[in-house]
Participant: 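First, the structure itself, so that you have it in front of you.
Note that this is a predicted model, so its numbers are computed, not measured.
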Amino acid sequence: MGDSFREHLREDSSFLRADRRLDTEPLDRLVLQLNRIYPQILTDKEATKFRNLDVPTAVRLGELLVHLQGKGEEACREFYRALHLHIEEVYYSLPTRRRLRDNRDPLKNQHVYHQKYVMNDKGPLFFLGCFSVAVGMALLYYYSEDKLTGGSRALGMAALGLKRRAREVLIWYTD
């Protein structure tokens, strides 16, 4: 677990190479940022090399990351700054950033035990809907049809909007 930007870049390199969001256009913006703002980090000749469209983007990105690690701590810090400025969603999804964010937030750092099988992941409204149907059926069963207004005709009318299988069960129950 390194504290320097150089070590962080070494850890994040494989993630950055695999991330599809870092294609040609975002890579060009990063190279231009480093070249224009910090020409001591990336000279015009080096920027032209890393912006060459004849070379695949993954290769150019890999060479840029190795080059920045060779330049030192300041170059790696400025790369992270440019990444944060231009491609924020990639910056926040970096493994080192997520690890730092999780270590700083004590509420997220708690151990959470996940269930192996989730029975219902549809939310509270789905649960309330199912619960109300179950309560309604229980009330129908508990109070006989004679006590309800409409008798068996209410169940027959309720069957009109249901699927075939449910309709057969309700009609069978009314008979």
Side-chain angles (χ1 to χ4, degrees), residues 1-136 161-163 166:
M1 196 162 123
D3 292 318
S4 72
F5 287 101
R6 189 184 220 174
E7 292 174 19
H8 284 230
L9 189 58
R10 189 172 295 124
E11 289 178 40
D12 291 335
S13 289
S14 60
F15 174 82
L16 288 167
R17 288 182 185 135
D19 197 340
R20 298 284 182 213
R21 294 176 288 188
L22 242 150
D23 57 357
T24 303
E25 185 180 321
L27 181 61
D28 285 346
R29 284 187 294 193
L30 291 174
V31 169
L32 287 174
Q33 170 82 17
L34 291 172
N35 176 250
R36 289 182 182 158
I37 306 296
Y38 305 100
Q40 69 275 17
I41 293 174
L42 210 59
T43 64
D44 288 337
K45 184 179 178 184
E46 293 166 339
T48 304
K49 173 185 164 188
F50 294 126
R51 294 187 69 214
N52 185 3
L53 294 178
D54 294 335
V55 180
T57 305
V59 174
R60 290 187 290 143
L61 178 62
E63 290 176 355
L64 176 65
L65 296 175
V66 170
H67 175 77
L68 292 172
Q69 289 173 14
K71 285 281 190 166
E73 184 72 17
E74 184 69 25
C76 295
R77 181 180 329 137
E78 296 310 324
F79 172 76
Y80 277 114
R81 187 175 291 161
L83 189 65
H84 183 249
L85 185 73
H86 293 289
I87 317 165
E88 200 170 277
E89 63 273 1
V90 172
Y91 176 79
Y92 284 118
S93 62
L94 291 171
T96 54
R97 296 292 133 202
R98 290 193 345 231
R99 186 182 68 225
L100 287 173
R101 186 174 55 237
D102 290 346
N103 286 341
R104 287 183 186 156
D105 189 2
L107 296 177
K108 283 188 176 181
N109 205 16
Q110 295 175 352
H111 294 287
V112 177
Y113 298 103
H114 297 286
Q115 292 178 351
K116 189 172 184 178
Y117 301 105
V118 177
M119 297 301 286
N120 180 8
D121 60 349
K122 298 191 185 335
L125 290 177
F126 180 78
F127 171 76
L128 288 175
C130 290
F131 183 75
S132 64
V133 167
V135 167
L162 300 176
K163 298 236 181 226

Participant: What distance do Leu34 atom CG and Gln40 atom CD have between them, rounded to the nearest 0.5 Å?
Facilitator: 10.0 Å
Participant: How long is the straight-line distance from CG of Leu30 back to CD of Glu25, given to the nearest 0.5 Å?
Facilitator: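 Atom-to-atom, Glu25:CD and Leu30:CG are 11.0 Å apart.
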Participant: Test your reading of the model: is there a side-chain donor-acceptor pair from Tyr80 to the backbone of Tyr91, 3.5 Å cut-off?
Facilitator: no
Participant: Is Arg51 close to Leu32 at the side-chain level, that is, under 4.5 Å between some pair of heavy atoms?
Facilitator: yes
Participant: Would you name the heavy atoms of Gly129 and Ser132 that are closest together and state the gap between them?
Facilitator: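 The pair with the smallest heavy-atom distance is O-OG, 2.8 Å.
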Participant: Looking at Leu64 and Phe50, what are the two nearest heavy atoms and their distance?
Facilitator: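 So the minimum-distance heavy-atom pair works out to N-CE2, 3.5 Å.
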Participant: Calculate, to the nearest 0.5 Å, the distance between atoms CD and CD1 belonging to Glu46 and Ile41 respectively.
Facilitator: 10.5 Å
Participant: What is the minimum heavy-atom distance between Phe5 and Glu73, and which atoms define it?
Facilitator: N-OE2, 2.7 Å
Participant: Specify the closest pair of heavy atoms between Asn35 and Leu42, including all atoms of both residues, with the distance to one decimal.
Facilitator: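 Smallest heavy-atom distance, with atoms named: ND2-O, 2.8 Å.
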Participant: Looking at Arg6 and Cys76, would you say the former's side chain and the latter's main chain have a donor-acceptor pair under 3.5 Å?
Facilitator: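 Side chain of Arg6 to backbone of Cys76: no pair is present.
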Participant: To the closest 0.5 Å, what do you measure between CZ (Arg36) and CG (Asp44)?
Facilitator: 10.0 Å
Participant: Within a reach of under 6.0 Å around CZ of Arg21, are more than 12 heavy atoms found that belong to other residues, nucleotides or ligands?
Facilitator: yes
Participant: When the ring planes of Tyr92 and His84 are compared, do they come out parallel, tilted or perpendicular, using 30° and 60° as the limits?
Facilitator: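 Tyr92 and His84: perpendicular rings.
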Participant: Assess whether side-chain hydrogen bond (donor to acceptor under 3.5 Å, both in side chains) is satisfied between Arg60 and Thr57, documenting all intermediate values.
Facilitator: CA-CA 5 Å; Arg60 290 187 290 143; Thr57 305; 3.3 Å; yes
Participant: Would you name the heavy atoms of Asp12 and Pro95 that are closest together and state the gap between them?
Facilitator: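 Heavy atoms of Asp12 and Pro95 come nearest at OD1-CD, 3.3 Å.
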Participant: Is a side-chain donor or acceptor of Arg98 paired with a backbone partner of Ser93 at a separation under 3.5 angstrom?
Facilitator: yes
Participant: Which value, rounded to the nearest 0.5 Å, describes the distance between Leu9 atom CG and Arg77 atom CZ?
Facilitator: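 So the gap between those two atoms works out to 13.0 Å.
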Participant: Any side-chain heavy atom of Glu89 sitting closer than 4.5 Å to one from Ile87?
Facilitator: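 Heavy-atom side-chain distance check passes, below 4.5 Å.
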Participant: Charged N to carboxylate O below 4.0 Å: is that the case for Arg81 and Glu78?
Facilitator: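 Salt bridge flag = yes for Glu78 with Arg81.
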Participant: Taking Tyr38 for its side chain and Glu74 for its backbone only, find out whether a donor-acceptor pair lies under 3.5 Å.
Facilitator: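 Checked: no pair found.
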Participant: How long is the gap from CD1 on Ile37 to CD on Gln33, to the nearest 0.5 Å?
Facilitator: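 Spacing of CD1 (Ile37) from CD (Gln33) equals 5.0 Å.
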Participant: Distance only, no hydrogens: is a donor on one side chain within 3.5 Å (strictly under) of an acceptor on the other, for Arg99 and Thr96?
Facilitator: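 Short answer, no.
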